[in-house]
Amino acid sequence: MKKSRGRTGRKRRRKHLQSFMDGVSCSHKLEYIKLKKWLKDRGFEDSNLRPAEFWGTGRGLMTTKALQAGDLIISLPEKCLLTTGTVLSSCLGEYIMKWKPPVSPLIALCTFLIAEKHAGEKSLWKPYLDVLPKTYTCPVCLERDVVSLLPEPLRKKAQEQRTTVQELYMSSKAFFSSLQPLFAENTGTIFNYSALEWAWCTINTRTIYMKHSQRECFSLEPDVYALAPYLDLLNHSPNVQVKAAFNEQTRSYEIRTNSQCKKNEEVFICYGPHDNQRLVLEYGFVVMDNPHSTVYVSSDILLKYFPPLDKQRNTKLSILKDHDFLENLTFGWDGPSWRLLTALKLLSLGADELSPS
């Protein structure tokens, strides 16, 4: 009988499976070694977290010690953060400041990412760029035939997202062209749609919220983005709670956990109480057994079950539309949402119950 079939073999297999489930460290890989050195040069030192590959979530961060509620997960110095201030301090700054009408903070960051990626070895941000995803799974990146398979409410949102990015690209082409003096290659080749799509997804999926003071060189859109190298390897779980904010005293972005985490387990943070539709749209993934899961009810489905001969049907629809009650109608774990119940109640009103006003 083979040894692997005995008790020792079973224990060995269980141990191997458990280690795989817990995560496989990636800290020995060259790109992470370079990233940690690059961050250390900017004042970040951390021995409590290590990059790893996990069975359920892919790439993430593993803790090397047990964490208790209130413990600091990570403290990333301001020098490590990529913000619009970083962009204005670069060679792009003078072009942004003189461009009219002003570009948005989002476009400024997208432009910087594209330019630095194009710079390759010459980029000061190369160690960070090297660990960023090469592709994304946000709906804007999916093929149209894949998008067509999505549920109707999500499909509509996905199409809106694609339109948003396309319009952003078209409205920014003139600004991209103004950067030609900075590049030997044609800016149309560097700042193409695929490059903008990648940069937009990078910012949309990986930035932390960090409010900055309004600058005249930017449009009035909120300047609330910051890319946080290494910290952005932390994955989402709806079952944990954290406190995250920029610490003015330490001049660092800090995250503290309100949950416990065992040694060598993946450390999670919570991106917010998002349902799976929101997670797909914003981040390109879903969560199994999501406590915030909802089923969206489209207006077409809603109206399908009400009498088409109702003489006040158009009036009711007008009221719902004017008060934005034909969108975001959902069922959750605890039943229909207040918005859905309100819409159903109005549609169910008899002729003598609907006020003329």
Side-chain angles (χ1 to χ4, degrees), residues 78-120 122-126 128-129 132-136 138-141 157-229 231-232 246 253 281-284:
E78 189 174 20
K79 289 182 180 179
C80 300
L81 301 175
L82 198 168
T83 66
T84 51
T86 311
V87 180
L88 292 177
S89 299
S90 73
C91 60
L92 297 172
E94 63 174 296
Y95 290 86
I96 290 173
M97 287 188 277
K98 67 184 180 182
W99 184 258
K100 302 297 178 188
V103 300
S104 67
L106 174 62
I107 275 295
L109 286 168
C110 285
T111 305
F112 183 83
L113 283 176
I114 297 169
E116 291 299 304
K117 189 178 182 183
H118 176 72
K122 296 178 181 179
S123 172
L124 295 176
W125 291 81
K126 187 178 187 303
Y128 175 50
L129 295 171
L132 286 174
K134 303 297 185 290
T135 58
Y136 291 92
C138 300
V140 69
C141 302
K157 293 287 186 182
Q159 291 164 345
E160 290 173 358
Q161 186 181 83
R162 185 186 297 273
T163 299
T164 296
V165 177
Q166 289 174 340
E167 289 177 351
L168 190 66
Y169 173 66
M170 294 305 296
S171 64
S172 304
K173 289 180 74 173
F175 168 67
F176 293 151
S177 296
S178 75
L179 304 176
Q180 189 60 66
L182 296 173
F183 303 94
E185 193 175 340
N186 188 286
T187 53
T189 304
I190 301 169
F191 297 92
N192 55 43
Y193 178 78
S194 294
L196 180 69
E197 183 183 86
W198 171 82
W200 184 89
C201 287
T202 297
I203 293 163
N204 202 55
T205 62
R206 308 189 76 77
T207 50
I208 54 176
Y209 180 89
M210 186 175 169
K211 194 171 183 178
H212 308 284
S213 56
Q214 185 68 39
R215 294 184 175 96
E216 290 185 4
C217 61
F218 291 131
S219 64
L220 295 178
E221 294 176 32
D223 188 356
V224 294
Y225 307 103
L227 282 163
L231 182 153
D232 63 5
F246 185 77
Y253 192 90
L281 282 169
E282 300 295 334
Y283 305 104

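It should be emphasised that the depicted structure is a prediction, and the values quoted were computed from it without experimental measurement.
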- Checking side-chain contact (heavy atoms from CB on, under 4.5 Å) for the pair Leu168/Ile107: CA distance, chi angles, key distance, verdict? CA-CA 8 Å; Leu168 190 66; Ile107 275 295; 3.7 Å; yes

- Query: Do Ile208 and Tyr225 pass the side-chain contact (heavy atoms from CB on, under 4.5 Å) test, and can you show the C-alpha distance, the side-chain angles, and the key distance before you say yes or no?
  - Reply: CA-CA 6 Å; Ile208 54 176; Tyr225 307 103; over 6 Å; no

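To the nearest 0.5 Å, the span separating OG on Ser90 from CG on Leu124 amounts to 10.0 Å. Going from atom SG of Cys141 over to atom CH2 of Trp198 covers 11.5 Å, rounded to the nearest 0.5 Å. Separation of atoms CZ (Arg162) and CD (Gln159) is listed at 8.5 Å; rounding is to 0.5 Å. For the atom pair Thr84 OG1 and Leu106 CG, the distance stands at 11.0 Å (nearest 0.5 Å). From Ser104, atom OG reaches atom CG of Asp223 across 9.5 Å, with rounding to the nearest 0.5 Å. The distance from the OG1 atom of Thr83 to the CE atom of Met210 is 6.5 Å, given to the nearest 0.5 Å.
Nearest heavy-atom pair, Val165 versus Leu196, reported as atom, atom and distance to 0.1 Å: O-CD2, 4.1 Å. Minimum heavy-atom separation, Ser177 to Thr187: CA-OG1, 3.6 Å. In terms of heavy-atom proximity, Phe183 sits nearest to Leu179 at CD1-O, 3.3 Å. Heavy atoms only, all atoms of each residue included: Ile203 and Thr207 are closest at O-OG1, 2.6 Å. Annotation for Ser178 and Phe175: closest pair OG-O, 2.5 Å, computed over non-hydrogen atoms. In plain terms, the two heavy atoms of Ala199 and Ile114 that are nearest each other are CB-CG1, 3.9 Å.
No donor-acceptor pair closer than 3.5 Å links the side chain of Ser123 to the backbone N or O of Gly120. A side-chain donor-acceptor contact under 3.5 Å links Ser89 to the backbone of Gly85. Judged purely by atom type and a 3.5 angstrom limit, Trp99 has no side-chain atom pairing as donor or acceptor with the backbone of Ala174. Looking at Gln214, its side chain never comes within 3.5 Å of a backbone N or O of Pro222 through a donor-acceptor pair. In this structure, the side chain of Gln161 engages the main chain of Val140 through a donor-acceptor pair within 3.5 Å.
Thr111 is not listed as a side-chain neighbour of Tyr95, based on a closest heavy-atom distance of 4.5 Å or more. Side-chain contact between Cys138 and Cys201 is present, with at least one heavy-atom pair separated by less than 4.5 Å. A 4.5 Å side-chain heavy-atom check between Leu129 and Leu113 finds at least one atom pair inside the cut-off. Here the side chains of Pro105 and Ser219 are in contact, with some heavy-atom distance below 4.5 Å. Phe191 is not listed as a side-chain neighbour of His118, based on a closest heavy-atom distance of 4.5 Å or more. Counting only heavy atoms from C-beta outward, the side chains of Asn186 and Gln180 approach each other to under 4.5 Å. With contacts defined as side-chain heavy-atom distances shorter than 4.5 Å, the pair Leu82/Pro229 does not qualify. In this structure the side chain of Phe218 reaches within 4.5 angstrom of the side chain of Leu88, judged on heavy atoms.
Because its NZ or CZ atom is not both nearer than 6.0 Å to the ring centre of Trp125 and within 45° of the ring axis, Lys117 does not count as a cation-pi partner of that residue.
Open room surrounds NZ on Lys173; 12 or fewer heavy atoms of other groups in view lie less than 6.0 Å from it. In Lys122, the NZ atom is not crowded: 12 or fewer heavy atoms of neighbouring residues, nucleotides or ligands sit closer than 6.0 Å.
Below 30°, between 30° and 60°, or above 60°: for Tyr169 and Phe176 the angle between ring planes is between 30° and 60°, a tilted geometry.
Under the 3.5 Å distance criterion, with hydrogens and angles disregarded, a donor-acceptor pair is assigned to the side chains of Glu282 and Asn204.
Identified under the salt bridge (Lys or Arg N to Asp or Glu O under 4.0 Å) test for residues 184-213, with sequence neighbours left out: Arg206-Asp232.
The aromatic ring centres of Tyr253 and Tyr209 sit 6.0 Å or more apart.
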